[in-house]
Amino acid sequence: MDIVAVLADSFRTAFGPIAAAYALAAVGLNLHFGYTGLLNFGHVAFMMTGAYGVAVTVDQGGPLWLGFIVGVVGAVVLGLLFGLPTLRLRVEYLAIVTIAAGEVLRTLLRSGGESSLTRGVFGIQRFADDFFAANPFDRGSYGWGRFAYSERGLWVLVIGWSLVALVTLVVVQLARSPWGRVLRAIREDEDAARSLGKNVFVYKLQSLVIGGVLGALAGMLLAIDRQSVNPDTFLPVLTFAVFAIVILGGPGSRLGPVVGAIVYWFVIQFTDRFLREAIAVGWIPESVIDSTDVGAVRFVLVGAMLMGLIIWRPQGLLGRREEVLLDAD
Amino acid sequence: MPTEQSGHSSPPPPSPPPPPPSAIPILRIERLRKQFGGIVAVDVERLDVARGTITALVGPNGAGKTTLFNLVCGFDRPQSGSWFFDGRDVSGRPAHRIARSGMIRTFQLTKALSKMSVLDNMLVAGAAQRGEHLLSGLVPPTWRSQERALVDRAAVMLERFELDRMASEYAGTLSGGQRKLLELARALMAEPSMLLLDEPTAGVNPVLVQSILTHVLALRDDGMTILFVEHNMDVVMSISGRVVCMAEGRVIADGSPDAVAADDAVIDAYLGRRREA
Amino acid sequence: MLALTGVFVVTAATPVWPQTDDAEPPVETEDAEPPVEADTSEPAGAGSVEHPESLRGTLRDPDGQPVVGVEVVVSQDGTEVGRAESGTDGAWALGLPGPGSYQVTLLVETLPTGIGLRNPDRSTLLDVRVQPGQSRPISFALGEGRVSGISRVTRFANLAADGVRLGLILALASIGLSLIFGVTGLVNFAHGELVTFGALVAYFFSASGAVGNMPLVMATILAAVFGGMAGFGLERGLFRPLRRRRTGNVSLIVVTIGLSLMLRHIFLVVFAGRPRPFDEFTIQTGFAIGPVSLRPKDWAIIVLCSLLLLLVGIMLQRTRLGTAMRAVADNRDLAESSGIDVDRIIMATWVMGAMLAAVGGVFQGISETVVWDMGFTLLLLMFAAVILGGIGTAYGALVGALVIGLASQLSTYWISPKFRIGVGLAVLIVVVLLRPQGIMGRRERVG
């Protein structure tokens, strides 16, 4: 087994464009879950909105920048649709409604035929040519050995991580402001915040919409990186992968989503590659797991991460242990 | 009769001259009724609280005291009734708007914001903060000076409640009594004109109880109106100017502490409960 | 520009196909008889540039007239790839994402009155292989309807009956979800996996051939037993310790999500992605009672579900355990102080809820197919049922489930069945909007 190659691949994925997109989504979900205590199980719907906003707009002949605007506006509308009916209700309702709404949206996207606006299950391809036309990097491979990106990968990666840095700065600034203090108060005890004159509903709605827009940006980045959107990319598991990242990084911590995304993708990619290699060289007999099962193993891992972290290390990598201990009353 | 009814509509009838502001009760409750299923939790015909007084609300468990707090503060909605704070009709308004109008409550089970520092607990209570708006939150110069003033006020308040050494600790690390003090101090940060305290001394050691009572009396002397629910009769007798006793949702006695303590209906209500239990 | 080209190419690649130059024999639904129509063949030109692979066919009635507006669903590994509707010439075609093995289903309910499949059990063709670049012809042999002259009323009645069937299965599965919420406050997102687990256990014992196929009745009982054990294990090994540690509500929900994800994908690894029917009951013809014609297995499921639900109702109403369960669900502290062993009641609720979920899974597997993620698909409908009925109540779950089952099945009378699940979820969203406490629930006390 070529362990060096496995490691190099894992690092490449951990710092790659997809990890950047997940980090972006996680910054948004961290605002929901970590700062405000909202249980948004439909984050994938925001990502879908962003991805399809860009893809459909360009596919219909619009420019790429218009696609960004469509995606962002779509996410704002979606956030209001999710939030207005549910944010006054107990936390479980938001969870159930958002997961259901995500599935409804996916069903709608895939219900059309090949000639419909969203092109049904065929999805839309090649809508980001303008983005890659603006690529300042020359053709070639950037990196060392196997840890290297193509000029396209590097371009998406640079834009992606820059975006992550930018939104992290904005969110950290917001979290430090009195606005963020109110969010934390709401997370701790809604009624206490209300008794002190805070309009809890408006704050939750703001948090939901802003985090949702970040989710939409992440969806756009994913779509552009692949030059392809398809409804079945946006299964509910995607939301939970982002949840795993937020909890891994430490809910409510400033750099948690970023560190979480990098570590998450390293672990996932390493397991994936390691298992495939191990099957290939015969360490694991095909009767136990064959290579087609490896994709499923990834989600077994995500599930185990979610459970294990909440049970044994709820503060994640960067959260504060003391805060978690305070939960016990 | 008809004239009295029309007095209910929004422009008050011109006939009786408006009394001086100090004579208007700061809180007036009229025909307030709340039912859960078939059980009447609150059924208060009329209750006035005068400005600058300390009023105790007593009664056996399940008398509807906390429900009354919840209704008046907008945490729960009654089936019918209206109530006025500071002369304004606040019936049916959402909790945060009632709080902003100057009536701040505390909770029976203390709601310290555990994973926030004691100081942050105080700061979050500050009223009308510019930095609490989303856009100005992003631009610190718009709120920094206000924040500094707030921190100074919080420091003074924490010192007054002897919590200054704990300022940077998590609120979750405080003892039960300290939490009660923090909740009281935090309520004051919102600059209320009336406080509704739900069992401010429950589960607090005697030394801290004395300290809380001293604070409450001092607040009254500063002009604050206080309505509080209490089970500890010593506390009730020692600080309140007036005692209201509720049972099964109704006000059954109202008057000076001694009068209420001697009231037959009150004794029956308490003993009746005891016999049942 | 790109979009335009795409549309043009696709249109050009789907011509009308009466000509015959059999390069590849059509997949037939009947081996002996030649199909009445649906004789199709490779078109002259190549397929579309972007999606060269496709499936196509023409539907004609026994008189050779085209049959219009019939839906054909194509799926792969249990995931729907697309749908096509026959046009005015009876032809349908569907581009595919790539070569591979597909399942093709003709939606019998979209056939017009008086027309049915010659062999009603061949409405689904499993394992249709498509080679790279191939446009594969598919034929369905149509004849006179098995229910002669299926009227609008009959179709509606059939859909309603099937809605009741789905509703009862949902009810069986959701009682546990609702009661567990009632007694512990836990919203269990892994409840769907208990449903799948039941179906998988029954499949393992009765149809996999691994242990010498036992009768399905036995296998169902075993599924209930194993399901109950799973419920016991989860409560004892996971949720009781977490409750003792006073883990917050939100954290617990995340734990159940993680559990759901993990179990579901373990099922996928073990069971693989292909949906599998219980062989014992695959071929059944309709059995009519009054205007309603259902397959005998669906009749049996309706009867069995009703009996089980009745038993649960009696248990909740008449037995000591049932009264205690309702008491704990109503007010836990009060129940505890009146001497009820709350932990024991919670355990009983878990075991009972998991058993019912497992049996519900078996029934759903018999009526439709066994798939690794069937429980998760049902979960969202179960939530809809539970919220609709009033979360935490057992009877509410029953009423809610029937409403959701009927709504989603009956909706296919008017709109395409592909929105079936969506309809159930839309009902959920509307209910949360209008009456979050559900039909039977009470408004919650605040403070």
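Since this is a predicted model, take the numbers as computed values, not measurements. Computed from heavy atoms alone, side chains included, the values below leave out hydrogens, waters and symmetry copies. Below, read A as the first sequence line, B as the second, and so on, with proteins coming before strands; counting in each chain starts at 1.
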Task: For chain A, the option from C:Leu380, C:Val270, C:Val269 that forms the most heavy-atom pairs under 4.5 Å - done: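 Top count of heavy-atom pairs under 4.5 Å with chain A: C:Val269.
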Under a 4.5 Å heavy-atom cut-off, does chain C meet the side chain of [X], its backbone, both or neither?
X: A:Ala244; answer: neither
X: A:Phe240; answer: side chain
X: A:Ile247; answer: side chain
X: A:Pro236; answer: side chain
X: A:Val91; answer: side chain
X: A:Phe41; answer: side chain

Minimal non-hydrogen separation, [X] against [Y], with atom names:
X: A:Phe122; Y: C:Gly95; result: CZ-O, 2.7 Å
X: A:Thr239; Y: A:His43; result: OG1-N, 3.5 Å
X: C:Phe376; Y: C:Ser260; result: CD1-OG, 4.1 Å
X: A:Tyr93; Y: C:Ile387; result: CE2-CG2, 3.6 Å
X: C:Arg56; Y: C:Ser135; result: NE-OG, 2.6 Å

Below 4.5 Å, heavy-atom pairs only: which of [options] has the largest tally toward chain C?
options: A:Ile311, A:Leu84, A:Leu309; value: A:Ile311
options: A:Val237, A:Val297, A:Leu301; value: A:Val237
options: A:Ala296, A:Ala95, A:Pro85, A:Gly308; value: A:Ala296

TODO: Classify the ring geometry between C:Trp372 and C:His265 as parallel (under 30°), tilted (30 to 60°) or perpendicular (over 60°).
DONE: tilted
Measuring heavy-atom distances to chain A, does [X] have an atom under 4.5 Å in its side chain, in its backbone, in both, or in neither?
X: C:Leu259; value: both
X: C:Leu252; value: neither
X: C:Val187; value: side chain
X: C:Leu428; value: side chain

Task: Side-chain donor or acceptor of A:Asn30 paired with backbone N/O of A:Gly252 under 3.5 Å - done: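 Yes.
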Open item on the list: Quick test of your reading of the model: are C:Arg243 and C:Glu235 salt-bridged, counting only N-O distances below 4.0 Å?
Closed with: yes
Task: Under-4.0 Å salt bridge between A:Asp232 and A:Arg106 - done: yes
